[in-house]
Number of protein chains: 2
Amino acid sequence: MTVSNAFPEIEPILSTTMADVVEEKLRTYFRDKGFSPGDALPKEVELAEALQVSRNVVREALSRLRMLGMIETRKRRGMILAEPDVLSGLERLLDPQLLGKDVMKQLFELRLVLEIGMGDLLFMRRKETDLQILQQIVEDELKATSHVERVECDIRFHGTLYRMTGNETLGRFQKLLVPMFQYIIENEAGPDGQTAVGAVSHAGLLAILRHGDPTSFREAMKKHLDPHFLFL
Amino acid sequence: MTVSNAFPEIEPILSTTMADVVEEKLRTYFRDKGFSPGDALPKEVELAEALQVSRNVVREALSRLRMLGMIETRKRRGMILAEPDVLSGLERLLDPQLLGKDVMKQLFELRLVLEIGMGDLLFMRRKETDLQILQQIVEDELKATSHVERVECDIRFHGTLYRMTGNETLGRFQKLLVPMFQYIIENEAGPDGQTAVGAVSHAGLLAILRHGDPTSFREAMKKHLDPHFLFL
DNA sequence: GAATGTAAATATGTAGTACATAATTACTTG
DNA sequence: CAAGTAATTATGTACTACATATTTACATTC
């Protein structure tokens, strides 16, 4: 348990370590020296000597960059700058147990914004095969008997929409968010334990994707998500 | 320079190190053991002994988690689990020099989706003071003489919109994206060096924010951003 | 005895050495 | 000259030693 702080607005000082400094220095060094993905980087000992720190500290800093995918290392061959995965940092942090309720709520809002705003991309890139997949999900949903089955169909439907945007980053981001909202559903279910349902169904959204336009899709998606807006 | 690979689809194997494994183990350990932010964590030596690795390896893993804000350490006092900053991982990676063109494009699309989709949040939370700030920016834009001044007003206007959503994560995310798009503007300017302008101006958006509704705002924002959609 | 000052204890931070391991390079041999 | 082998080398891991900050306990002073 944490001791109650008499001055909650004053946060304790967190000392910056050598690893922090070196990490920052390395990043700016690689950036300002114009290193591009694929370029070979100096050896650990050279960096340690240049920065006047132990190899230990350099390795801690490099380990951080390696986690983010900024560098790749192979024995004997040395290090190269790599093209990092934008979401590598996020995926470790999107944990409902770690994040506060306020952040969770903001992420949920973000989801609503994304799904309402993605209409244009969807109409630019929708394919018949994807529409058929959505159709199948809608049918599965109708045949579903249990609540969990319906939730699963809901996730599949919306997940498919993200994929249909043709924006891989967006699609992967959504995949990271799903467990977060599942946690919300499981732990903070509504008073009746049922998920509220909007005025527009998945079938309605699909019909608009087939025969409508981005504008009507946005309106329909807003109506579909409307129950969620009540909690904001 | 990288040697041309005869099998570009086959990626070289990246050996997983002890630090990788330990980092993963620690994260799952903290999660599954029900640790909450503020809880004290085992000492480095204890972790090293339990995992049968050197303290060095443990420190590399902990250094990664510390970078993400998942843990905080103070001398003698030990480590505590902390509430991480969701965007701490992102901010290090959102570097136009590091990310590929494809990812950059996807982030740009993401921006368009966000700004079209944020209408509802804006109308839920708009305040008169913020509308006045937007008004000021619109006037500044009219008085602007140079191209850079107009770009600066553009950034301020859109940045203010993000802030007005009341979603801090969204607002901070946008701040991280700005340098990315500035890089695009500077290095990949259109043929005439001018930024294309949409059918709806900032003044038009502001008028809708004052007297319109989310639906009309979404349409107006789409028209405002329309020139950008041409590049997708 | 409360307040203040001081010394011991302790967990993290940094430095340094040694060696293991993998992968390249150079060399040798048939 | 091809194939196999040994030397080389940069990263990965382990271990030791010590610095540093901060708590805890103790001692001193009024």
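Sequence lines set the chain letters: A, B, ... in the order given, protein chains first and strands last, and positions in each chain run from 1. No experiment lies behind these values; they were computed from the predicted model shown.
- Remark: Asp140(A) pairs with Gln136(A), Arg156(A) by the side-chain hydrogen bond (donor to acceptor under 3.5 Å, both in side chains) rule, at least two apart or across chains.
- Residues from residues 17-28 of chain A that place a heavy atom under 4.0 Å from any atom of DNA chain D: there are none.
- In this entry the distance linking CG of Leu47(B) with C1' of dA11(C) reads 12 Å, nearest Å.
- Atom NZ of Lys105(B) sits in a crowded spot, with more than 12 heavy atoms from other residues, nucleotides or ligands closer than 6.0 Å.
- More than 12 non-hydrogen atoms from other residues, nucleotides or ligands lie less than 6.0 angstrom from CD of Gln132(A).
- Near DNA chain D, defined here as any heavy-atom distance below 4.0 Å, the residues from residues 52-69 of chain A are Arg55(A), Arg59(A), Arg66(A), listed numerically.
- Under the side chain to side chain contact (heavy atoms under 4.5 Å, CB included) criterion, Asp130(B) pairs with Lys127(B), Ile133(B), Arg163(B), Met164(B), not counting sequence neighbours.
- Counting heavy atoms from C-beta outward, Leu98(B) and Pro37(A) have side chains that stay 4.5 Å or more apart.
- At a threshold of 4.0 Å, the pair Arg27(B)-Glu23(B) counts as salt-bridged, since one of the basic side-chain nitrogens sits closer than that to a carboxylate oxygen.
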Where protein sits on nucleotides 22-27 of chain D, one letter per nucleotide: B base, S sugar-phosphate only, - none, heavy atoms under 4.0 Å: BBS---
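- Few gaps surround CD on Glu91(A); more than 12 heavy atoms of other groups in view lie less than 6.0 Å from it.
- Crowding of Glu168(A) atom CD: a count of heavy atoms from other residues, nucleotides or ligands under 6.0 Å not exceeding 12.
- The stretch residues 90-121 of chain A participates, sequence neighbours left out, in these ring pair (Phe, Tyr, Trp, His ring centres under 6.0 Å) pairs: Phe108(A)-Phe181(A), Phe108(A)-His228(A).
- One finds a salt bridge joining Glu109(B) and Arg125(A) here, because a Lys/Arg side-chain nitrogen approaches an Asp/Glu carboxylate oxygen to under 4.0 Å.
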